[in-house]
Amino acid sequence: MRIDIISIFPDYFAPLQLSLIGKAIEDGLLDVHVHDLRDWTHDRHRTVDDTPYGGGAGMVMKPEPWGEALDALLNSYGPVDDGHRPVLLMPSPSGRLFTQDLAIELADEPQIAFVCGRYEGIDHRVVEWARQRFDVTEVSLGDYVLNGGEVAALAIIESVVRLIPGVIGNPLSLVEESHSAATDHLLEYPVFTKPASWRGFDVPEVLLSGHHGRIAQWRHEQSVEITSQRRPDLLS
Ligand code: 6GU
């Protein structure tokens with residue numbers, strides 16, 4: 001998979017060199033290109049923002065640098081399979097909620113690009129123009145506000161890349177985790193390791209029993225209980 005990121009803070013993406021994602025890059029499973037939006041400005045101050053039409057607080061990202069950056073991105077892709085538009089994700093607190101289902105869909109894509117806005121957002125015409133050439137999704141991580149799309153892009157990349165075959169050593173560990181279809185989208189049950197007794201807290205007896213049927217039953221009950229307490233919306 002190829003991932004392109006356009007941002008005014010390319011340094012945000014240094015952690016992609018670490019851990020499982022860094023290993024996936026080393027192993028050739030993933031190719032990450034980070035681009036500085038200011039490379040597509042032409043004034044001495046490398047300006048990327050301006051005041052909003054209609055007034056109001058804050059600044060809006062100018063369309064021209066984004067247009068040139070996305071032109072360059074399309075050119076670098078070369079011809080794509082007919083009918084298959086490249087995926088463009090635009091992190092935004094007003095986007096569609098990012099979920100595990102979307103992560104699973106994205107893990108199948110040959111290439112994904114991120115447009116990381118800052119300030120009060122990007123001139124809306126960039127979205128409209130991009131929709132003609134890309135499969136555009138505005139995505140939100142949840143109902144809170146970040147300063148820009150960079151942290152959201154990092155979170156999305158981590159959730160997608162770990163689903164690419166070969167990235168996680170033991171693919172079975174993907175099966176039973178929270179939000180997975182195999183466990184009815186329930187939250188994950190609590191886990192324990194040695195020692196069996198620690199600071200007066202004991203590992204639940206059933207997990208020491210070696211009785212696989214009873215263990216599976218207990219874990220399922222725990223998942224249902226935790227989900228009904230914390231996320232009743234997932235139970236339907
Ligand atoms: Cl994707 N972007 C920003 N700026 N804020 C957010 C978000 C995204 N998701 C939640 N808050």
Side-chain angles (χ1 to χ4, degrees), residues 1-16 18 21 30 32-38 40-41 46-67 69-70 73 85-109 111-131 133-164 177-179 185 187 230-231 233-234:
M1 176 185 289
R2 169 172 165 179
I3 296 180
D4 287 85
I5 305 159
I6 310 169
S7 162
I8 58 170
F9 294 117
D11 292 346
Y12 254 97
F13 299 94
L16 293 177
L18 305 175
I21 300 182
L30 182 66
V32 178
H33 302 261
V34 184
H35 313 274
D36 186 343
L37 178 69
R38 293 191 201 275
W40 290 280
T41 58
R46 310 183 85 198
T47 311
V48 293
D49 61 335
D50 205 338
T51 53
Y53 275 120
M59 299 291 270
V60 173
M61 294 192 103
K62 296 161 59 63
E64 301 97 318
W66 284 114
L70 292 171
L73 184 64
R85 290 160 185 246
V87 170
L88 186 65
L89 297 178
M90 299 181 133
S92 157
S94 39
R96 145 186 178 194
L97 191 64
F98 182 71
T99 60
Q100 187 69 15
D101 288 342
L102 185 49
I104 290 167
E105 279 177 36
L106 291 170
D108 273 338
E109 292 291 333
Q111 58 211 5
I112 301 176
F114 290 87
V115 149
C116 299
R118 284 257 145 186
Y119 314 111
E120 299 306 310
I122 302 171
D123 187 303
H124 188 63
R125 291 167 294 181
V126 175
V127 187
E128 293 176 304
W129 173 85
R131 281 195 200 289
R133 282 138 185 108
F134 294 89
D135 174 2
V136 175
T137 307
E138 293 179 81
V139 280
S140 166
L141 293 193
D143 295 337
Y144 50 86
V145 179
L146 303 169
N147 284 334
E150 285 78 7
V151 166
L154 280 171
I156 293 167
I157 290 167
E158 182 157 313
S159 70
V160 171
V161 169
R162 62 194 292 285
L163 300 176
I164 297 173
E177 64 193 6
S178 294
H179 306 295
H185 300 276
L187 301 183
R230 300 179 189 169
R231 293 292 306 279
D233 57 299
L234 295 178

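The figures that follow rest on heavy atoms only: side chains count, while hydrogens, waters and symmetry mates do not. Note that ligands are numbered from 1 as they come in the structure, with each ligand's atoms numbered from 1 the same way. In this chain, residues are counted from 1 in sequence order.
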(message) Does this structure show an ion pair linking R38 with D36, if we count only N-O contacts that are shorter than 4.0 Å?
(response) no
(request) Identify which one of V139, I3, L88 satisfies the side-chain contact (heavy atoms from CB on, under 4.5 Å) criterion when paired with F114. (result) I3
(message) Can a donor-acceptor pair be found, under 3.5 Å and without considering hydrogens, that links the side chain of H179 to the backbone of H185?
(response) no
(request) May I ask you to decide if G142's main-chain N or O and S140's side chain share a donor-acceptor pair within less than 3.5 Å? (result) yes
(request) Measure across I8 and E150 and return the closest heavy-atom pair with its distance rounded to 0.1 Å. (result) N-OE2, 4.1 Å
Sub-3.5 Å pairs, protein N or O with ligand 1 N or O:
{"residue": "ligand 1", "atom": "4 (N)", "partner": "L146", "partner atom": "O", "Å": "3.4"}
{"residue": "ligand 1", "atom": "5 (N)", "partner": "L146", "partner atom": "N", "Å": "3.0"}
{"residue": "ligand 1", "atom": "9 (N)", "partner": "S140", "partner atom": "OG", "Å": "3.4"}
{"residue": "ligand 1", "atom": "9 (N)", "partner": "L141", "partner atom": "N", "Å": "2.8"}
{"residue": "ligand 1", "atom": "11 (N)", "partner": "Y144", "partner atom": "O", "Å": "2.4"}

(message) I'd like to know whether CZ of R125 has more than 12 heavy-atom contacts from other residues, nucleotides or ligands below 6.0 angstrom.
(response) no
